There are 2 protein chains.
Amino acid sequence: MVSAALVIIGNEILSGRTKDANLSFLAGRLNTLGIQLREARVVPDVEGEIVAAVNECRAKHDYVFTTGGIGPTHDDITAAAVASALGTALELNAEARRRLEAHYDDPSKLNEARLRMAHIPVGAELVDNPISAAPGFRLENVFVFAGVPAIMQAMFESVAPTLAGGATMISRSVSAALAEGSIAAGLAAIQERYPAIDLGSYPRYSAAGYGVAIVARGPDGAQVDAAIAEVRALMRSLDAEPVEEG
Amino acid sequence: MVSAALVIIGNEILSGRTKDANLSFLAGRLNTLGIQLREARVVPDVEGEIVAAVNECRAKHDYVFTTGGIGPTHDDITAAAVASALGTALELNAEARRRLEAHYDDPSKLNEARLRMAHIPVGAELVDNPISAAPGFRLENVFVFAGVPAIMQAMFESVAPTLAGGATMISRSVSAALAEGSIAAGLAAIQERYPAIDLGSYPRYSAAGYGVAIVARGPDGAQVDAAIAEVRALMRSLDAEPVEEG
């Protein structure tokens, strides 16, 4: 398994002001590349917290992605923290500076604050930012992206072809108007017969009544299909009609 | 500062299937109680990962909240993992069983799978679940809640009166049609003058153009007001009209 972690950097997520939109995007895109997102952390704009999270995650996972904290203001400390985590220093990166110079029509706009965005850890490779020029970067297995979803997504796409994945996980889901507790025993038996499949059970409660969605996930499509066929039969044996969810 | 961490347990979040809705709820509610959410982690349905996250977070923070993984199916392993993290065992809790018995009209519905939800760590206090009966629990400073947002929220409200908070953070926000890079230097100067205030800068890009929202956050409302007044003056000095955001 090729694994990844996401470190979401920002007080605004922890205060509830901003809802993160990068985790679900990254999870889905990584999966198509055969990389499993196995961990995510949200940390405040505090250097020690960023350093600790990046170092723990890069030791455990093949890839680490960070989002947030690479803008021009005083609370943007991700580049310095990642440099510190990886035992290197920030330097004014000539190519990053050139990209910012090209971006602003008026040279006086490239003030000291904006030049902070050209300070990149020594040894890092730049990651393109087609939207607002200020680049992200990669240092070893750590990819540093912007927090704004449109920019984060563009940065991800620019590095996606360089990521080495393993098996893609195939996922299929079927739901029924059943309580989780009714299907649990049969489901556990199916899980035992398919140890390579990850069988998840997700209840729902709505005005229309309760229900449960069962998701089968694994690298072997035929096994996923076989497990889902058993789940479907289990639902019918409990007098509920399975509904394909994809 | 009274601090808290959230441990979100569930493969469905890491696969991108389900978007977490509990972090922003918890952040907002904790803040009204004078508790700061300082960290969040998303971990898969793997006992070792849950144990590690709970133990690291409970050592660092006054309160730890977990969401997810307390249902009747085989992938619901949170209670066992939290028991293991805190060095205790699961037992069939008589009061939890009584609540489940009272919940089901037909006693045969309380099958073995559903009885799993009455297995609670030794020494834990139950947390009420007014929606579907199966309780959460508290063990030391760790609160274990359901993942379904409506149930999670009801569980939080039932324990909220027992939480001991510190100072409530006062937050005010003002925005303007300015690029972050134009306001960054003046903002850093204001931040230096108000070290007890956390001044955050959040750019936005939309069809209507770019803009920036500045958030001032701190325990002293008068200081927050004074900092925001300086931000407003800074925006006007850059020929932009500040818009109050609350």
Side-chain angles (χ1 to χ4, degrees), chain A residues 8 10-20 23-28 31 36-45 49 71-76 109 111-114 116-117 131-132 148 150-151 169 171 173 180-185 187-188 191 198-205 215 217, chain B residues 8 10-20 23-28 31 36-45 49 71-76 109 111-114 116-117 131-132 148 150-151 169 171 173 180-185 187-188 191 198-205 215 217:
Chain A
I8 299 167
N11 293 347
E12 71 278 20
I13 309 286
L14 290 171
S15 74
R17 179 185 186 274
T18 304
K19 285 193 170 62
D20 168 72
L23 191 162
S24 64
F25 167 82
L26 188 69
N31 188 54
Q36 307 312 312
L37 184 66
R38 293 290 287 173
E39 178 170 2
R41 298 192 187 196
V42 189
V43 297
D45 301 328
E49 299 287 328
T73 54
H74 64 277
D75 54 341
D76 290 306
K109 282 193 180 166
N111 57 22
E112 199 183 329
R114 288 188 171 115
R116 285 188 71 207
M117 299 189 289
I131 294 176
S132 53
V148 175
I151 303 177
M169 291 296 219
S171 181
S173 179
E180 260 197 314
S182 312
I183 202 171
L187 206 62
Q191 176 70 82
D198 173 31
L199 215 53
S201 170
Y202 306 108
R204 58 173 71 130
Y205 304 86
V215 178
R217 214 161 168 264
Chain B
I8 298 167
N11 292 347
E12 72 278 19
I13 309 287
L14 289 171
S15 74
R17 179 185 186 274
T18 304
K19 286 193 170 60
D20 168 71
L23 191 161
S24 64
F25 167 82
L26 189 68
N31 188 55
Q36 307 312 312
L37 183 66
R38 293 290 288 173
E39 178 172 1
R41 299 193 186 194
V42 189
V43 297
D45 300 327
E49 300 287 329
T73 55
H74 64 279
D75 54 341
D76 290 307
K109 282 193 179 165
N111 58 23
E112 200 182 328
R114 289 188 170 115
R116 285 187 71 206
M117 299 190 288
I131 294 176
S132 54
V148 174
I151 303 177
M169 291 298 219
S171 181
S173 179
E180 260 198 314
S182 312
I183 202 171
L187 206 61
Q191 176 70 83
D198 173 32
L199 216 53
S201 169
Y202 306 107
R204 57 174 72 131
Y205 305 86
V215 178
R217 212 161 170 264

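Here is how names work: the chains are called A, B, and so on, in the same order as the sequence lines, proteins then strands, and each is numbered from 1. Only a predicted model underlies this, so the values are computations on that prediction, with no experimental measurement involved.
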Do Glu39(B) and Pro44(A) come within less than 4.5 Å of each other through their side chains, counting heavy atoms only? no
Are the side chains of Asn31(A) and Ser15(B) in touch, meaning some heavy atoms are under 4.5 Å apart?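 Result no, sub-4.5 Å side-chain heavy-atom pair not found.
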Counting only non-hydrogen atoms closer than 4.5 Å, does [X] touch chain A with its backbone (N, CA, C, O), its side chain (CB onward), both, or neither?
X         : value
Asp76(B)  : side chain
Thr18(B)  : neither
Ser171(B) : neither
Asn111(B) : side chain

Just give me the residue among [options] that pairs up with chain A most often, heavy atom to heavy atom, under 4.5 Å.
options                                   : answer
Pro72(B), Gly181(B), Ala188(B)            : Gly181(B)
Arg204(B), Arg114(B), Arg38(B), Glu112(B) : Arg114(B)
Arg17(B), Glu49(B), Lys19(B)              : Arg17(B)

Which region of [X], side chain (C-beta onward) or backbone (N, CA, C, O), has a non-hydrogen atom less than 4.5 Å from a non-hydrogen atom of chain B, or is it both or neither?
X         : value
Arg116(A) : neither
Glu12(A)  : both
Gln36(A)  : neither
Leu23(A)  : side chain
Leu199(A) : both

Closest heavy-atom contact between [X] and [Y]?
X         : Y         : answer
Ala185(A) : Ala113(B) : N-CB, 4.5 Å
Pro203(A) : Val148(B) : CG-CG2, 4.2 Å
Gly200(A) : Asp75(B)  : CA-OD2, 3.4 Å

Between Ile8(A), Val43(A), Leu187(A), which has the largest tally of heavy atom pairs under 4.5 Å with chain B?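 Heavy-atom pairs under 4.5 Å are most numerous for Leu187(A).
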Residue from Leu14(B), Val42(B), Ile13(B), Asn11(B) passing side-chain contact (heavy atoms from CB on, under 4.5 Å) with Leu37(A): Leu14(B)
side-chain contact (heavy atoms from CB on, under 4.5 Å) between Ser182(A) and Lys109(B): does it pass, once the steps are laid out? CA-CA 8 Å; Ser182(A) 312; Lys109(B) 282 193 179 165; over 6 Å; no
